[in-house]
Amino acid sequence: MSTTIARDAVTTFSLSAIEQLSGLNKLIDPDVLQAINRPKRVIVVDIPLRLDSGKFVTFQGYRVQHNDARGPFKGGLRYHPDVDMDEARTLAHLMTLKTAVVNIPFGGGKGGIACDPKQLSQRELERLTRNFTNLLGENIGPRIDIPAPDVNTNSQVMAWIVDEYSKTHGQSWGVVTGKPLEIGGSLGRDEATGRGVMYAVREAVREKNLDLSKCRVIFQGFGNVASYGARLIEQELGAKVIGLSTSQGAIYSPRGFDLLSAEAHYRQTRGLKGFADVAWMTNEELLEQECDILIPAALGNAITVNNAKNVKAQIVVEGANDCTDAAADEILAKRGVFVVPDILANAGGVIVSYFEWVQNLNNHYWSVDEVRTELERIMVAAYSQVSAVAKERQLTMREASYIVAIERVAKAMILRGY
Ligand code: NAD
């Protein structure tokens with residue numbers, strides 16, 4: 001996963017702005033709106049670690065439990081030197097909104113360890129993860145808070161957490177999601193975010209009355225989200241991918257290229273440079289090329305005031321979190337560019353995490369077709385609910401999705417007597 005996520009993801013679209021433009025404060029008690037803005041619990045721990053060399057060090061670990069009015073806290077754990085409380089708070093808040101907008105029974109959480117995992121051996125990483133799990137203690141659990149992989153954490157890290165937690169709680173697959181298939185993972189999790197992005201593209205194209213078979217699509221990125229997204233958009237929607245990128249640079253051809261050959265080139269060379277018959281350019285240039293649909297799926301803050309006026313796409317579908325800053329968002333809206341926001345467009349991952357948790361609690365496992373059918377049902381329902389609110393209240397899809405999410409969280413808080 002990308003390592004740069006801007007700190008102001010939530011302030012990009014502040015709660016007070018939403019209240020003003022939507023009249024939400026007339027619908028919902030302002031005290032509840034204020035409460036939604038603040039995390040319920042913030043956990044900071046000092047994690048001891050004995051290095052392989054015998055030296056003793058400590059690392060700071062965080063878990064922000066933002067809101068659990070609609071279900072257990074849910075969100076990733078990242079291992080990165082830049083991890084801190086501010087970042088975890090912002091991302092936990094976004095998770096509360098994301099789980100609410102797609103209406104799955106979770107709240108929002110986020111956390112991680114401020115460390116550089118590249119400097120640690122596998123055994124050190126395992127000990128660090130186990131010590132962190134013990135320090136989180138009763139604060140995590142299948143019905144309390146369910147972490148998942150994020151930047152620099154993966155299914156192996158989740159496997160260590162399950163093992164450590166299960167030592168004191170009995171076998172507890174449901175304590176984390178994103179696990180290996182052998183120990184309670186779900187089929188279809190790898191492709192889930194890209195597949196969800198594909199459904200968001202399909203619904204947006206329908207809404208804008210475009211012809212999918214004529215749509216030309218640029219992805220920024222070629223990691224998990226972009227590689228699955230690109231393949232599915234070609235195979236299942238019949239649209240044409242005409243641009244892709246990695247951190248080194250981008251390939252673009254207005255006529256498109258053979259995606260399977262681009263994938264093979266990427267596997268062989270670990271990059272896209274040198275791929276035949278395409279233009280090679282920077283990531284910034286790629287965002288400004290002619291296309292119908294632009295899908296930032298790499299980093300935060302990809303679309304800014306500097307390039308928003310040059311975006312040629314009619315539709316932007318946000319695969320990456322917080323990839324459009326507030327000023328750029330305004331420019332795109334004024335120019336009539338239709339934006340499907342991150343909390344809706346990239347929710348496929350957390351939706352299939354929800355399926356994983358359901359399967360773990362029932363000890364009954366689904367086929368990949370069942371996972372895909374349910375994912376499509378939830379994505380399409382969420383898209384049409386947001387779209388209806390946008391039309392009814394004359395809002396952008398971002399504004400509408402925040403309002404749908406906040407109303408759901410507020411109602412749950414009021415019903416539970418917060
Ligand atoms: P990934 O690590 O698999 O891929 C990231 C891509 O970004 C790679 O292609 C990499 O080359 C590219 N990249 C890295 N640095 C770059 C730079 N400086 N300029 C341009 N490109 C750069 O990550 P991913 O899982 O595909 O996630 C991509 C985005 O989607 C992130 O913002 C992530 O938070 C978001 N997201 C991912 C998921 C998921 O399930 N994977 C779910 C929701 C949101």
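Just so you know, ligand 1 is whichever comes first in the structure, and atom 1 is the first atom listed for that ligand. Excluded from the calculations below are hydrogen atoms, water molecules and symmetry mates; all remaining heavy atoms, backbone and side chain alike, are included. Residue indices begin at 1 and follow the sequence shown.
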Would you say Gln220 has any N or O atom under 3.5 Å from an N or O of ligand 1, going by distance alone?
no

Flag Asn224 as yes when one of its N or O atoms lies below 3.5 Å from any N or O atom of ligand 1, and as no otherwise.
yes

Among Val340, Leu332, Leu344, Asp342, find the residue that satisfies the side-chain contact (heavy atoms from CB on, under 4.5 Å) test when tested with Arg398.
Asp342

Would you check whether Thr193 has a nitrogen or oxygen atom less than 3.5 angstrom from a nitrogen or oxygen atom of ligand 1?
yes

Mark the output for Arg189 as yes if a heavy-atom distance to ligand 1 is under 4.0 Å, and as no if none is.
yes

Phe355 and its ring-ring contact (aromatic ring centres under 6.0 Å, His included) partner, picked from Tyr365, Phe106, Trp366:
Trp366

Nearest neighbour of atom 21 (N) of ligand 1 from the list Ala298, Gly300, Gly229, on a heavy-atom basis
Ala298

Nitrogen or oxygen atoms of Gly349 and ligand 1 under 3.5 Å apart:
no

Would you please name every residue forming a side-chain contact (heavy atoms from CB on, under 4.5 Å) with Gln289, sequence neighbours left out?
Ile218, Tyr252, Met281, Glu285

Answer yes or no: is there a donor N or O on one side and an acceptor on the other, between the side chain of Glu124 and the main chain of Ser121, under 3.5 Å?
yes

Quick one: does Asn346's side chain have a donor or acceptor within less than 3.5 Å of a partner on Gly319's backbone?
yes

Residue Gly221 vicinity, atoms of ligand 1 by number, heavy atom under 4.0 Å:
9 (O)

Pick from Ala320, Gly223, Pro149: the one approaching atom 8 (C) of ligand 1 most closely through a non-hydrogen atom
Gly223

Indicate whether any N or O donor in one side chain lies under 3.5 Å from an N or O acceptor in the other, for Thr324 and Glu318.
yes

Proximity to ligand 1 by part of Leu299, non-hydrogen separation under 4.0 Å:
side chain

Verify whether one side chain among Asn283 and Gln220 offers a donor that lies under 3.5 Å from an acceptor in the other.
yes

Return the option from Ala297, Ala302, Gly271 holding the heavy atom at the smallest distance from atom 28 (C) of ligand 1.
Ala297

